[in-house]
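Each remark here refers to the structure printed beneath this line.
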Amino acid sequence: MKKQNKLVVFAWVTCAFFLLASCDKDDGGEPIPEGIQRAELILTEVSGETVEAHGDHFHGLDGGTEGEPIVIKFDGNGTATANGHLHLEVDAAYKIELKAWDYTGKEVQNDFIANKATADLHKAFLIGGDFILNPDSDDESGAIFQPREQTYGDGAAVEGKYETTGILSYFTIGHDNEGPTKAVTYVLRKLNAGVKATIERTDWNRDDYASAFAGENVLELKFEIHAEHGHDH
């Protein structure tokens, strides 16, 4: 009987050893990388009699009608894997929504605007393309990129242009920029404390954004835009 008890105890000890070894192996596996595994930019045309460009921003967006979305997909390096070359209507307004996933598969874009304190450290830019900006246009036919969140993740209201981030934004190329393909980069930048409040709406396309607005880039999503009349995708 004692011999049988010893065998049972030995079996349990052996089993526990292998279970612990298995757990240790799992715990000691490859660590989950930090950062963004993949991302998307979703462009949706917004049209209607109320929608118009005005200076550095839009009027009438809330009364517009949305069309079919265009989804640009990017890998972890910011390289487009689908729809990386866009044909857009030159004078149309487009809603741009960022979606991003970490290496666990969690959707994380709203983490950057979870509350005011977090959002105060982030801002989106659209770099490249050598755009003529709308305020520099003689007839309101230039480019606008307008970040436009209205609430933070915690439900608090976003108060004014200096608080908007660009997880949600609106964009138009404008007739003044019609022509050759433009290579652009959507940049989400983590800024040093206090920097965001110095960024004006017309700073979205500055070549010197990195030196002018100290911080580091969280995302750099590269794609191409060809704008002409009669193109909508």
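- Rounding to the nearest 0.5 Å gives a distance of 5.0 Å between NE2 of His229 and CG of Asp91.
- Residues Thr164 and Lys123 are in side-chain contact: their nearest non-hydrogen atoms beyond the backbone lie under 4.5 Å apart.
- Taking CD of Glu228 as the start and NE2 of His226 as the end, the distance is 3.5 Å to the nearest 0.5 Å.
- No donor-acceptor distance shorter than 3.5 angstrom exists from the side chain of Tyr94 to the backbone of Ile173, with no hydrogens or angles considered.
- Under the 3.5 Å distance criterion, with hydrogens and angles disregarded, a donor-acceptor pair is assigned to the side chains of Ser141 and Asp139.
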Q: Output, in order, the C-alpha distance, side-chain angles, deciding distance and verdict of side chain to side chain contact (heavy atoms under 4.5 Å, CB included) for Phe213 and Arg206.
A: CA-CA 10 Å; Phe213 308 118; Arg206 284 178 59 166; 3.8 Å; yes

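- Interatomic distance, CG of Asp111 versus CG of Asp102, reported as 8.0 Å (0.5 Å rounding).
- Heavy atoms only, all atoms of each residue included: Pro135 and Gly55 are closest at CD-O, 3.7 Å.
- Using a 4.5 Å cut-off on side-chain heavy atoms (C-beta onward), Tyr186 and Lys222 make no contact.
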Q: Determine, stepwise, if the pair Ile199 / Leu191 fulfils side chain to side chain contact (heavy atoms under 4.5 Å, CB included).
A: CA-CA 11 Å; Ile199 300 175; Leu191 304 163; 3.8 Å; yes

Q.
Under the criterion side chain to side chain contact (heavy atoms under 4.5 Å, CB included), I'd like the reasoning laid out for Leu88 against Leu43: C-alpha separation, chi angles, the key distance, then a yes or no.
A. CA-CA 10 Å; Leu88 300 181; Leu43 279 73; 4.1 Å; yes

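- Atom CD of Glu89 is separated from atom OG1 of Thr172 by 9.5 Å, given to the nearest 0.5 angstrom.
- Residues Ile42 and Ile167 do not share a hydrophobic cluster, clusters being chains of Ile/Leu/Val/Met/Phe/Trp/Tyr side chains in contact below 4.5 Å.
- In this structure the side chain of Phe145 never reaches within 4.5 angstrom of the side chain of Asn205, judged on heavy atoms.
- Looking only at distances, a side-chain donor or acceptor of Arg189 sits under 3.5 Å from a matching main-chain atom of Gly215.
- With contacts defined as side-chain heavy-atom distances shorter than 4.5 Å, the pair Asp56/Glu200 does not qualify.
- The closest donor-acceptor contact from the side chain of Lys196 to the backbone of Tyr162 lies at 3.5 Å or more, if one exists at all.
- A heavy-atom distance below 4.5 Å is not found between the side chains of Asp176 and Asp138.
- Under the 4.5 Å side-chain heavy-atom criterion for ILVMFWY residues, no single connected hydrophobic cluster contains both Phe58 and Leu126.
- Taking the six-membered ring where tryptophan is involved, the planes of Phe171 and Trp204 are perpendicular, since the angle between them exceeds 60° and thus also 30°.
- One finds the CD1 atom of Ile144 at 9.5 Å from the NE2 atom of His54 (value rounded to the nearest 0.5 Å).
- Of the possible donor and acceptor atoms, one in the side chain of Thr81 sits under 3.5 Å from a partner among the backbone N and O of Lys73.
- Taken from OH in Tyr170 to CD in Glu97, the straight-line distance is 7.5 Å, to the nearest 0.5 Å.
- Within the 4.5 Å cutoff, side-chain heavy atoms of Phe223 are placed close to those of Val184.
- Following chains of ILVMFWY side-chain contacts shorter than 4.5 Å, one can reach Val195 starting from Val187, so the two form part of one hydrophobic cluster.
- In this structure, Leu221 and Leu98 have side chains that are in contact, with non-hydrogen atoms separated by less than 4.5 Å.
- Proximity of Thr44 to Ile70: side-chain heavy atoms (C-beta onward) are nowhere separated by under 4.5 Å.
- Minimum heavy-atom separation, Thr118 to Phe112: CG2-O, 3.6 Å.
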Q: Step by step, work out the side chain to side chain contact (heavy atoms under 4.5 Å, CB included) result for Leu41 and Phe74.
A: CA-CA 8 Å; Leu41 290 176; Phe74 303 89; 3.9 Å; yes

